[in-house]
Amino acid sequence: YSQRYYEILVKRRGLPVWHQKEEFLQVFKANQTVILVGETGSGKTTQIPQFVLEAINIKTTPDKCKKMMVACTQPRRVAAMSVSRRVAEEMDVTIGEEVGYSIRFEDRSNARTILKYLTDGMLLREAMTDPLLERYKVIIIDEVHERTLATDVLFGLLKQVLINRPDLKLVVMSATLEAEKFQSYFDAPLIKVPGRLHPVEIFYTENPESDYLDAAIQTVVQIHRSETPGDVLVFLTGEEEIEDACRKIMKKVANMGDKVGPVKVMPLYSSLSPAMQQKIFEPAPPPLKEGGPTGRKIVVSTNIAETSLTIDGIVYVVDPGFAKQKVYDPRVHVESLLVSPISKASAHQRLGRAGRTQPGKCFRLYTEKSFQNDLQPQTYPEMLRSNLANMILTLKKMGINDLVHFDFMDAPAPETLMRALEALNYLGAIDDDGNLTKLGEIMSEFPLDPQMSKMLVVSPKFNCSNEILSISAMLSVPNCFVRPKKAQKAADEAKARFGHIDGDHLTLLNVYHAYKQNNEDPLWCYENFINQRVLKAADNVRQQLVRIMARFNLRLCSTNFNSRDYYMNIRKAT
Ligand code: ADP
Ligand code: MG
């Protein structure tokens, strides 16, 4: 093994889960299911899968022996990627070989993979073709306190699978203490890993803040000016806001001159490139000159950093109290991501990030009264605020028709289920008796929203499957339009040139076409305020959708662009 391997090993052995390694292994060996609760940063995600590998004693998967892999699910793509890379490094192997990851539209694993990190949504997809999840010997469901839709559905499924497969083991891991709920649902023993949390002092604002972004920036600058050494973590809600904050913080710190130490300001959000994501683990910059003021690392993140990724060295947390959350209005079938207040449990997690290595401080940019009276105790399970159509399609494909009696941890309202069934019936995915139709079966194969997969399946009839493919791909990736603060007007004008009166879908199609016509030229992207990385991702998604189309003999075709019917046909399909 390399020198680095031993360096990392020393650090690993200091993590709290290592103190309970023997206890974990004993309980793991004696039971089919184990629940493990431990503070964020205690080493659950990176270490437990390695303990499990040791316990079941596998080094590589011989091809003949399929039931040998360990899966560890993550609600977030970023976490699956980042953590698997870290574990590959810890095990001194190349990512994609013994240790891999699988997220929607990207599979980095191969026949030798024995430990696979994957999103909960991907494991659910695998269960569609492999209902007993036969390739796995152990399944670890991580971050269950997030209560994502896919995790909740996996719970119900796995309970069934465990009965049919006595040789399968399940580990359920959570960062919060409401674990008793999971314990009684699974009827399994619970191991608690005590956190080593240092005290964190909480500061509230006197009065409500009118602009939380400004307030957050001011607070960071204030911390840098007057607080003792230690890194800063700021929670904001999305890419644009985060990039904006990073620029402003750097500018303000630069204006302070050499009275203050140097800073490294780093963004963290899901569409960031893996290389940039890795940067948050770099140490703070050294002082500019010997004996000068110490440097600080400032990470500006979405709630990825709340429990999914742990950054060492954070002493100050700035919490404006908001996050982008999925909100569903069942009356009008509309599901959207809205900036909304976080829960008390979330606020508590955020605060915890400040006390991992030494006593810390948490600056809450809301009043104490607002914390007491306005915040919900817990974040609502996603199951209770989602459009369930996609999930129902997945379950029906697995032969689970009786959704009313499915063992949900928190069952959705019957009314919400009915509406989703109606929507699927309207799309032709299920018949009047609630059975999956041929169309529905094909639709369920696409990792897309039912509306979108329907569009794709019917598009050959309207002679526009090429165009619908491009639109679906563009809708599956983050926003491709760049809007730098300094050139907003130019960016808006560039975007308007792609605009089409018939709305967003055709605008996206125009962007994709123009990108291709300009031979994917980076300069063209730059000049037109288009994020090339996003367009590349769209291209990749498109190729995968094409492969699924081919599997079902769905024809690739276009209407002549100069024909009057070009846009008309697309409109008919959408
Ligand atoms: P938990 O799942 O209990 O929150 P983790 O296993 O994610 O804890 O983290 C354990 C330790 O590994 C933390 O100190 C964290 O900072 C470190 N770590 C995780 N990923 C990386 C990485 N990519 N680079 C460096 N350190 C990492
Ligand atoms: Mg974790």
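Hydrogens, waters and symmetry mates play no part in the numbers below; they use all other heavy atoms, side chains included. Just follow the structure's listing: the first ligand is 1, and inside any ligand the first atom is 1.
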Only heavy atoms of [X], strictly under 4.0 Å: list the atoms of ligand 1 that pass.
X: T40; result: 4 (O)
X: E39; result: 3 (O)
X: D312; result: 13 (C), 14 (O), 16 (O)

Is it true that [X] and [Y] have a side-chain N and a carboxylate O under 4.0 angstrom from each other?
X: E98; Y: R112; result: no
X: R353; Y: D319; result: no
X: D407; Y: K159; result: yes
X: R147; Y: E382; result: no

Does any N or O atom in [X] lie less than 3.5 angstrom from one in ligand 1, N or O only?
X: T46; value: yes
X: T45; value: yes
X: F281; value: no

Against ligand 1, does [X] come closer than 4.0 Å with any heavy atom?
X: S42; value: yes
X: E89; value: no
X: R12; value: no
X: R356; value: yes

_Residue portion contacting ligand 1 (non-hydrogen atoms closer than 4.0 Å) for E90_ = neither
*ligand 1 versus R85: contacting region, heavy-atom distance under 4.0 Å*: neither
*Do R12 and E90 come close enough that some side-chain heavy atom pair is under 4.5 Å?*
yes
*Metal site the Mg ion (ligand 2): N/O/S of S308 inside 2.8 Å*: no
_For the CD atom on E227, are there more than 12 heavy atoms of other groups (residues, nucleotides or ligands in this structure) within a distance under 6.0 Å?_
yes
*Please indicate whether K252 has more than 12 foreign heavy atoms, meaning atoms of other residues, nucleotides or ligands, lying under 6.0 Å from its NZ.*
no
*Within 45° of the six-membered ring axis of F203 and under 6.0 Å from that ring's centre, is NZ or CZ of R364 located there?*
no
*Establish, for the pair K169 and F28, whether the NZ or CZ atom is under 6.0 angstrom from the six-membered ring centre and no further than 45 degrees off its axis.*
yes
_Pick from T310, V193, I311, I314: the one approaching atom 16 (O) of ligand 1 most closely through a non-hydrogen atom_ = T310
